[in-house]
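Each remark here refers to the structure printed beneath this line.
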Number of protein chains: 2
Amino acid sequence: MATIYDIAEKLGISPSTVSRALSGRGYCKEETRKRVMQAAEEMDYAPDQSAKMLKTRVSNKVLFTVPDMCNPFYFDMIQGINDVLDPYGYLLILMDTKNRLDEEKRAIQLLREKYADGMIMVSFHFCEENIDLLNRLQAPVVLTNKYISPVGKDHFHYVWVDTQEGIKEVVRHFASQGIRRIGYVGGRLQEQTGRERYEGYRDGLQEAKLSLRAEWIRESDYTEQGGYLAGLSLFDGSHLLPEAIICANDLMAYGFLRACEEKQIRVPEDLLLAGMDNLSLSSRTYPKLTSVSLQAEEIGRTAAEMLVRRMNGYNQPIENVKLLPELVVRDSSVSHRLTP
Amino acid sequence: MATIYDIAEKLGISPSTVSRALSGRGYCKEETRKRVMQAAEEMDYAPDQSAKMLKTRVSNKVLFTVPDMCNPFYFDMIQGINDVLDPYGYLLILMDTKNRLDEEKRAIQLLREKYADGMIMVSFHFCEENIDLLNRLQAPVVLTNKYISPVGKDHFHYVWVDTQEGIKEVVRHFASQGIRRIGYVGGRLQEQTGRERYEGYRDGLQEAKLSLRAEWIRESDYTEQGGYLAGLSLFDGSHLLPEAIICANDLMAYGFLRACEEKQIRVPEDLLLAGMDNLSLSSRTYPKLTSVSLQAEEIGRTAAEMLVRRMNGYNQPIENVKLLPELVVRDSSVSHRLTP
DNA sequence: CTGAAAGCGCTAACAC
DNA sequence: GTGTTAGCGCTTTCAG
């Protein structure tokens with residue numbers, strides 16, 4: 001592959017002139033510029049990015065990490081991120097951290113090694129360890145969870161949705177229909193995301209003066225299969241079944257639906273169901289799934305916008321954006337019985 | 001950020017020794033290695049990728065380009081690609097070419113500039129222009145269409161699914177139920193993908209001795225919205241409606257379903273419907289959508305495997321893999337009437 | 001086993 | 001307007 005030196009030599013000029021001609025920065029006679037352009041074309045020249053990066057210290061890449069590649073939610077986020085980043089010429093590096101701390105640390109390491117200029121990170125669990133590494137980092141980072149480390153002085157931005165409020169809203173939705181036995185399928189309680197949503201459930205019940213019963217609660221992993229297994233396990237007991245189930249995300253709700261189908265439990269006739277994420281799928285399942293919209297695309301867009309501002313070097317104060325969840329009621333959560 | 005020079009200076013040794021110690025290549029006394037490691041740790045050292053790349057000429061990145069980021073089909077492909085690439089430490093750069101030639105050319109240009117070591121490219125339309133650029137390229141490329149350029153001597157691999165056969169299979173499926181009026185919603189006929197699938201439809205009809213009527217055919221763009229509009233337009237005419245519709249992909253079929261819903265046309269009672277891609281969604285829509293499985297994940301996996309082999313420098317002969325489509329029959333395409 | 005030195009391809013300050 | 005020169009941070013011969 002030809003370099004600017006080859007072009008310079010061929011034209012009998014200096015490499016720096018070639019560089020100026022090609023980049024358009026710095027003075028250069030129009031005529032020489034034309035000659036350079038033509039020679040570059042003829043010699044099939046293409047600038048070498050690694051050399052450019054080494055010199056300029058920018059990679060024009062953004063790292064986006066997700067805890068589960070299989071979840072379409074992140075795909076929706078990508079749309080938003082890409083919408084914003086593309087016009088700036090940023091490339092997107094996609095990484096699946098598989099909800100594992102070591103992979104998240106690896107992502108952070110990639111940033112340290114300047115694989116990318118910035119990162120948007122989705123994690124179920126921000127903890128001292130990864131937060132600490134993030135704070136050490138020079139590069140701009142945007143998280144999609146609310147997180148304020150005990151120490152304070154955080155170096156990252158975040159955009160977040162009040163999922164706790166979202167789940168509470170679902171509880172209210174059920175309670176307003178006179179439902180009293182509400183079950184819950186969530187994520188791991190040790191994880192931030194899992195705890196937040198669970199607390200929404202718990203507080204929602206309390207607010208509605210409903211009782212919380214362990215046999216109606218399952219801890220799962222946000223996957224379709226996890227929701228399916230949680231469903232089977234719930235139906236397995238000899239205890240009184242709940243009248244309604246809240247799944248902490250749509251994927252689990254789909255799995256739960258599958259379990260219902262298998263066990264001949266009709267939704268919404270025998271059991272009401274709601275999820276969270278409002279995947280585009282949810283308006284097409286049968287029955288159509290009630291879900292809390294988290295505005296995936298909007299999260300992506302907002303996160304990307306914050307990141308771009310930050311990467312453009314405006315050493316802005318750390319900003320955080322809160323987005324509001326919105327309950328989208330569909331068939332799966334509406335009781336056909338008359339409300340009392 | 002500390003460099004190997006800083007470490008060398010601090011330890012009073014040479015940078016090359018530091019480099020050897022860190023990389024593990026070349027001789028290095030165990031003791032010095034330990035000292036280097038510790039100093040690196042203390043000084044918060046991280047190797048600079050651009051410098052490394054400039055020297056080694058490898059980026060450890062693979063570019064994946066899709067014609068429409070909104071289509072979940074590519075998301076499934078990513079799963080497969082990532083499964084294969086991740087163990088090798090390759091990072092994935094995702095790019096949306098928006099089904100535009102100029103963006104495809106931009107992707108090829110990225111490869112020329114060594115943004116990535118190789119590329120997997122999905123395009124609806126390989127033509128002389130982009131194929132020519134691909135053939136000029138030094139870097140390994142895998143396409144997901146069958147393509148043999150007129151000139152021969154192609155430099156890229158491809159993995160492909162016989163979509164033509166897949167569509168024919170759908171026609172047979174309908175014909176075997178005694179259906180005679182079969183309509184079609186496809187992509188642009190000027191594009192490779194659009195033409196292939198259309199020909200499957202055309203030949204399938206011929207094979208079954210059914211007539212092809214222009215008023216039952218719509219040219220669309222593989223999006224949900226496109227399918228919706230095609231549906232409306234089909235129902236708009238005063239002509240006799242077809243008994244069954246084949247959509248060239250699932251996304252259009254979903255849109256078509258929406259149009260049916262709106263026009264109070266029941267599927268499958270009033271109209272039979274089938275799509276192609278077999279998105280995971282299709283088993284959950286109402287009615288469940290019959291679809292031709294193209295094995296997205298398998299395509300991704302296969303493409304990635306070919307690419308890795310190629311990138312590992314084994315200057316292997318160009319290989320091509322053909323995958324077989326498989327018709328997955330669900331509710332949307334099965335007539336409730338007795339077959340004659 | 002270690003060090004000196006060249007060079008990957010580009011940019012940019014500075015000199016002319 | 002153009003050329004000279006010195007890096008960016010790393011790897012890798014080649015000497016020692």
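Model, not experiment: these values are computed from the prediction. The chains referred to below are lettered A, B, ... by the order of the sequence lines, with proteins before strands, and numbering in each begins at 1.
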Between [N] ([atom2]) and [X] ([atom1]): distance, integer Å:
X: A:Arg25; N: C:dC10; atom1: CZ; atom2: C1'; result: 11 Å
X: B:Glu113; N: C:dG9; atom1: CD; atom2: C1'; result: 13 Å
X: B:Met53; N: C:dC10; atom1: CE; atom2: P; result: 13 Å
X: B:Tyr27; N: C:dG3; atom1: OH; atom2: P; result: 17 Å
X: A:Ile7; N: C:dC10; atom1: CD1; atom2: C1'; result: 12 Å
X: A:Leu22; N: C:dT11; atom1: CG; atom2: C1'; result: 12 Å
X: A:Ile4; N: D:dG7; atom1: CD1; atom2: C1'; result: 14 Å
X: B:Glu9; N: C:dG3; atom1: CD; atom2: P; result: 14 Å

Which nucleotide wins on minimum distance to the side chain of A:Thr17, given the candidates D:dT2, C:dT11, D:dT12? D:dT2

Proximal nucleotide (of C:dA4, D:dT11, C:dC10) relative to the B:Ser14 side chain: C:dA4

Residues of residues 30-50 of chain B with a heavy atom under 4.0 Å from any atom of DNA chain C, listed by number, are B:Thr32

Under 3.5 Å, is there a donor-acceptor pair between the side chain of B:Asn99 and the main chain of B:Pro67? no

Side-chain donor/acceptor of A:Arg25 to backbone N/O of A:Arg20, under 3.5 Å: no

Point-to-point distance, once rounded to the nearest 0.5 Å, from CD of B:Glu9 to CD1 of B:Ile7: 11.5 Å

dist B:Ile13:CD1 -> B:Cys28:SG (nearest 0.5 Å) comes out at 7.5 Å

Are a donor atom and an acceptor atom from the side chains of B:Glu113 and A:Gln49 found within less than 3.5 Å of each other? yes

Contact between A:Asp6 and A:Tyr45 at the side-chain level, heavy atoms closer than 4.5 Å - yes or no? no

Are A:Thr144 and A:Trp160 side-chain neighbours, meaning at least one heavy-atom pair lies under 4.5 Å? no

Does the base of D:dT4 carry an N or O that pairs as donor and acceptor with the side chain of A:Ser16 under 3.5 Å? yes

Specify whether B:Tyr158 and B:Phe156 have parallel, tilted or perpendicular ring planes, treating 30° as the upper limit for parallel and 60° as the lower limit for perpendicular. tilted

Would you tabulate the nitrogen or oxygen pairs shorter than 3.5 Å linking the protein to nucleotides 14-16 of chain C?
none

N/O donor to acceptor pairs below 3.5 angstrom from side-chain atoms of residues 124-133 of chain B, sequence neighbours left out:
unit_1: B:His125; atom_1: ND1; unit_2: B:Gln192; atom_2: N; d: 3.2
unit_1: B:Glu129; atom_1: OE2; unit_2: B:Lys105; atom_2: NZ; d: 2.6
unit_1: B:Asn130; atom_1: OD1; unit_2: B:Cys127; atom_2: N; d: 2.8
unit_1: B:Asn130; atom_1: ND2; unit_2: B:Glu104; atom_2: OE1; d: 2.8
unit_1: B:Asn130; atom_1: ND2; unit_2: B:His125; atom_2: O; d: 3.2
unit_1: B:Asp132; atom_1: OD2; unit_2: B:Arg136; atom_2: NH1; d: 2.6

Quick one: list whatever passes ring-ring contact (aromatic ring centres under 6.0 Å, His included) with B:Phe75, sequence neighbours left out. A:Phe75

Pair up each side-chain donor or acceptor in residues 87-95 of chain A with any protein partner under 3.5 Å, not counting sequence neighbours, and list the distances.
none

When you compare the protein's N or O atoms with those of nucleotides 6-8 of chain C, which come within less than 3.5 Å of each other, and at what distance?
unit_1: C:dG7; atom_1: N2; unit_2: B:Lys55; atom_2: NZ; d: 3.0
unit_1: C:dG7; atom_1: N3; unit_2: B:Lys55; atom_2: NZ; d: 3.3

